[in-house]
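Note sheet for the following structure.
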Amino acid sequence: MQEIVLAFIAGLVVGFFFALIKLPIPAPPALAGVMGIFGVYTGYKIFHWLLPFIQS
């Protein structure tokens, strides 16, 4: 849980800093981009879940 909170705080700081210096955010501004990131993460987790079955 601490890792999640720290990642969220880091994101807030980066977002604030980018707004302060008037740069676009370094993240996908649309739901499709966010879902793409979620898909990459989910695919990674599924691979590691299936790895024992693949290796045997």
Side-chain angles (χ1 to χ4, degrees):
M1 182 69 178
Q2 180 182 3
E3 183 178 278
I4 294 169
V5 172
L6 290 174
F8 181 72
I9 292 170
L12 286 176
V13 170
V14 169
F16 183 86
F17 180 72
F18 271 65
L20 181 67
I21 59 175
K22 296 180 174 61
L23 288 174
I25 59 171
L31 180 59
V34 174
M35 291 308 293
I37 293 169
F38 180 70
V40 168
Y41 175 77
T42 305
Y44 178 84
K45 289 302 211 179
I46 289 172
F47 173 81
H48 283 284
W49 181 71
L50 291 175
L51 193 59
F53 301 109
I54 296 170
Q55 289 179 338
S56 59

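- By the 4.5 Å heavy-atom criterion applied to side chains, Phe17 and Ile21 are counted as neighbours.
- In terms of hydrophobic clustering, with Ile, Leu, Val, Met, Phe, Trp and Tyr side chains grouped at heavy-atom distances under 4.5 Å, Ile54 and Ile46 are assigned to a common cluster.
- Under the 4.5 Å side-chain contact rule for hydrophobic residues, Ile4 and Leu6 do not share a cluster.
- Cluster annotation: Phe38 and Leu31 are assigned to the same hydrophobic cluster (Ile/Leu/Val/Met/Phe/Trp/Tyr, side-chain heavy-atom contacts under 4.5 Å, transitive).
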Legend entry - Derivation of the side-chain contact (heavy atoms from CB on, under 4.5 Å) call for Leu51 and Phe47: CA-CA 6 Å; Leu51 193 59; Phe47 173 81; 3.7 Å; yes

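- A distance of 13.0 Å separates OH in Tyr44 from OG1 in Thr42, rounded to the nearest 0.5 Å.
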